[in-house]
Amino acid sequence: MNTQVWMPLPYFPVDPSNYPPALVQLGAIPNQHIELGQEIELINTVSLFTGTSFCIKITGFRDNFVLALSPYRSVRTQAENYFFSIYPRNAYRRLTTEEYYRLYPEEQNLLPERVINPE
């Protein structure tokens with residue numbers, strides 16, 4: 001059995017009753033002891049990233065999956081582009097840093113230098 005790995009994006013649906021949270025599945029890791037802040041080489045990736053492996057950092061836990069970020073801008077950009085190829089961009093608004101950390105509080109301690117909303 002594997003644990004699913006999802007990347008949170010810094011967006012929130014304008015109408016949460018009609019659109020899902022801004023999360024993109026990256027892949028899966030074998031069930032093992034996973035710790036907050038742990039860095040893992042993600043090899044078992046979803047089709048969006050087929051044939052690639054990359055580092056992720058575990059940034060949170062949910063009921064049946066883990067949240068993670070990749071230090072690679074290309075992975076983050078590809079995930080965002082993929083998400084907005086499925087859902088309309090105008091159905092989401094960019095989160096402020098404060099809003100983002102309310103949704104994903106573990107990240108604030110793990111990645112204090114992260115810029116959520118550079119604009």
Side-chain angles (χ1 to χ4, degrees):
M1 193 78 179
N2 290 327
T3 300
Q4 300 298 312
V5 178
W6 292 74
M7 176 186 288
L9 301 176
Y11 296 91
F12 193 78
V14 174
D15 181 0
S17 64
N18 285 326
Y19 292 98
L23 297 170
V24 175
Q25 187 176 10
L26 299 178
I29 52 178
N31 280 347
Q32 60 186 22
H33 179 76
I34 303 168
E35 295 183 12
L36 197 61
Q38 183 176 356
E39 293 186 5
I40 299 171
E41 183 75 16
L42 186 61
I43 297 168
N44 185 9
T45 57
V46 295
S47 60
L48 172 63
F49 300 105
T50 297
T52 63
S53 67
F54 47 87
C55 238
I56 58 169
K57 181 180 270 194
I58 303 300
T59 60
F61 299 97
R62 296 300 182 261
D63 289 338
N64 55 356
F65 61 93
V66 297
L67 297 173
L69 292 177
S70 173
Y72 304 109
R73 181 181 300 264
S74 62
V75 171
R76 295 189 310 264
T77 300
Q78 195 171 353
E80 190 172 310
N81 290 342
Y82 175 73
F83 184 82
F84 287 121
S85 73
I86 298 171
Y87 301 104
R89 189 176 287 271
N90 64 356
Y92 289 81
R93 66 175 181 78
R94 188 150 180 106
L95 294 169
T96 66
T97 300
E98 294 78 21
E99 290 172 322
Y100 184 86
Y101 285 142
R102 275 196 298 273
L103 286 174
Y104 309 108
E106 302 94 341
E107 277 190 41
Q108 190 167 14
N109 295 326
L110 287 173
L111 305 165
E113 72 286 348
R114 181 160 186 239
V115 176
I116 305 300
N117 195 348
E119 296 146 8

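Along the sequence shown, the residues carry numbers beginning at 1.
- Considering CD1 of I58 and CD of E107, their distance stands at 11.0 Å, rounded to 0.5 Å.
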Intermediate values then yes/no, side-chain contact (heavy atoms from CB on, under 4.5 Å), Y92 and L9: CA-CA 11 Å; Y92 289 81; L9 301 176; over 6 Å; no

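- Looking at E39 and P71, their side chains never come closer than 4.5 Å, going by heavy atoms from C-beta outward.
- The two residues S70 and C55 come nearest to each other via the heavy atoms OG-O, 3.3 Å.
- A salt bridge links E80 with R89: the distance from a Lys NZ or Arg NE/NH1/NH2 to an Asp or Glu carboxylate oxygen falls below 4.0 Å.
- A distance of 12.0 Å separates CZ in F54 from CD1 in I40, rounded to the nearest 0.5 Å.
- Taking all atoms of both residues into account, the shortest heavy-atom contact from P21 to P13 is CA-CD, 4.5 Å.
- Y72 and L110 fall within the same hydrophobic cluster, where Ile, Leu, Val, Met, Phe, Trp and Tyr residues are linked whenever their side-chain heavy atoms come under 4.5 Å apart, directly or through other members.
- Here the CZ atom belonging to R93 is positioned 4.0 Å from the CD atom belonging to E99, to the nearest 0.5 angstrom.
- Taking OG1 from T59 and CD from Q108, the interatomic distance works out to 13.0 Å, rounded to the nearest 0.5 Å.
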field: Full working for side-chain contact (heavy atoms from CB on, under 4.5 Å) between V24 and Y82
entry: CA-CA 8 Å; V24 175; Y82 175 73; 4.2 Å; yes

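- The two residues S53 and E41 make their nearest non-hydrogen contact at OG-OE2, 3.0 Å.
- Considering every non-hydrogen atom in both A28 and Q4, the closest pair reads CB-NE2, 4.0 Å.
- The aromatic rings of F65 and W6 sit tilted relative to each other, their planes meeting at an angle between 30° and 60°.
- In this structure, the separation between OH on Y104 and CZ on R62 is 6.5 Å, given to the nearest 0.5 Å.
- The closest donor-acceptor contact from the side chain of Q78 to the backbone of L48 lies under 3.5 Å.
- Side-chain atoms of N44 do not come within 3.5 Å of backbone N or O of I29 as any donor-acceptor pair.
- Rounding to the nearest 0.5 angstrom, the gap separating the CZ atom in R102 from the CG atom in L95 is 9.0 Å.
- Checked against a 6.0 Å centroid threshold, the rings of F83 and Y11 do not count as neighbours.
- Side-chain contact between F12 and L103: present, with at least one pair of heavy atoms (C-beta onward) separated by less than 4.5 Å.
- A heavy-atom distance below 4.5 Å is not found between the side chains of L26 and T45.
- With respect to M7, the side chain to side chain contact (heavy atoms under 4.5 Å, CB included) criterion is satisfied by exactly one of I56, L23, L67, V75: V75.
- Taking hydrophobic clusters as Ile, Leu, Val, Met, Phe, Trp and Tyr residues chained together by side-chain heavy-atom distances below 4.5 Å, L42 shares a cluster with F61.
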